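Below is one structure, written out as structure tokens, with a few remarks after it.
Quick caveat: nothing in here was measured; it's all calculated off a predicted structure. We count ligands from 1, going down the list as the structure has it; atoms in each ligand are counted the same way.
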Amino acid sequence: MNRLLIIGPPGAGKGTQAVKISEQLSIPAISTGDIFRKNIKEETDLGKEAKSYIDSGNLVPDSVTNKMVRARLAEDDTKDGFLLDGYPRNPEQVHELDTILAENNEEIDQVLLLVADNEELVQRLLGRAAEQGRTDDNEEVIRHRLNVYEKETAPLLSIYRERGLIKEVNGLGEIDEVTERLLDALK
Ligand code: ADP
């Protein structure tokens, strides 16, 4: 079964690759960042709750994020698998995801880890800031997001490593080249 995660620092290319991989595997790519940004744009209650955290580069509180993911994973299109991008992001979210899946006797099958070095990440994110104007893409907030990744998200890797699920892939290179590497890693 394809119940997959893609984990990696901001700027590693998770979102781009998640869309390509999910197309190849015919499963939905679920990006918590995209769901938050859509809600912010539409000025929903969820968007209003999340905005200040996102703009400062901090994690949205688990109570908010977990509820949103639980609702998304209850939708029909996830029955044959999914690729989660941007969740879980701390140990408490790992626990919640395990709980949600266990309720249906399910579990995560594989975890893609997309890596790149920090200076490359900052340069990519600054480039994207100039192009797309994401409000959390200025240098100070970018560096903060990288720190949040190191402190809160990187510790998850040992959990999934112990379970033998991690497939590490180099995120440097052409987009299609990286997609091939990721698909190979899943075989
Ligand atoms: P990036 O991978 O560039 O950090 P994302 O689009 O994944 O960007 O996330 C953008 C922001 O959305 C994060 O900095 C955080 O504030 C919020 N966010 C996304 N996913 C989560 C999550 N699982 N838990 C808490 N906050 C989240």
Report all side-chain donor-acceptor pairs from residues 43-50 shorter than 3.5 Å, counting only partners two or more places apart or in another chain.
residue: Thr44; atom: OG1; partner: Asn39; partner atom: O; Å: 3.4
residue: Thr44; atom: OG1; partner: Asn39; partner atom: OD1; Å: 2.7
residue: Thr44; atom: OG1; partner: Leu46; partner atom: N; Å: 3.4
residue: Thr44; atom: OG1; partner: Gly47; partner atom: N; Å: 3.0

Table please: side-chain donor-acceptor pairs of residues 158-165 below 3.5 Å, with sequence neighbours left out.
residue: Ser158; atom: OG; partner: Pro155; partner atom: O; Å: 3.0
residue: Arg163; atom: NH1; partner: Asp98; partner atom: OD1; Å: 3.2
residue: Arg163; atom: NH2; partner: Asp98; partner atom: OD2; Å: 2.7

Exercise for the section: Give, for atom NZ of Lys167 and atom CD1 of Ile7, the distance between the pair rounded to the nearest 0.5 Å. Expected result: 13.5 Å
Problem - Interatomic distance, Asp137 atom CG to Arg124 atom CZ [nearest 0.5 angstrom] - result: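 Here the interatomic distance stands at 13.0 Å.
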Practice task
For ligand 1, would you mind listing the residues that have at least one heavy atom less than 4.0 Å away, ordered by chain and number?
Solution key: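 The 4.0 Å shell around ligand 1 contains Pro10, Lys14, Thr32, Gly33, Phe36, Arg37, Ile54, Asn58, Leu59, Val60, Thr65, Gly86, Tyr87, Arg89, Gln93, Arg128, Arg134, Asp136, Arg145.
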Problem - Criterion side chain to side chain donor-acceptor pair (under 3.5 Å) on Gln93 and Asp62, from CA distance to verdict - result: CA-CA 7 Å; Gln93 293 181 8; Asp62 289 340; 2.9 Å; yes
Determine all donor-acceptor pairs shorter than 3.5 Å in which one atom belongs to a side chain in residues 178-187; sequence neighbours excluded.
residue: Thr179; atom: OG1; partner: Gln17; partner atom: OE1; Å: 2.6
residue: Thr179; atom: OG1; partner: Ile175; partner atom: O; Å: 3.0
residue: Arg181; atom: NH1; partner: Asn170; partner atom: O; Å: 2.5
residue: Arg181; atom: NH1; partner: Leu172; partner atom: O; Å: 2.8
residue: Arg181; atom: NH2; partner: Leu172; partner atom: O; Å: 3.1
residue: Arg181; atom: NH2; partner: Glu177; partner atom: OE2; Å: 3.0
residue: Asp184; atom: OD1; partner: Lys187; partner atom: NZ; Å: 3.1

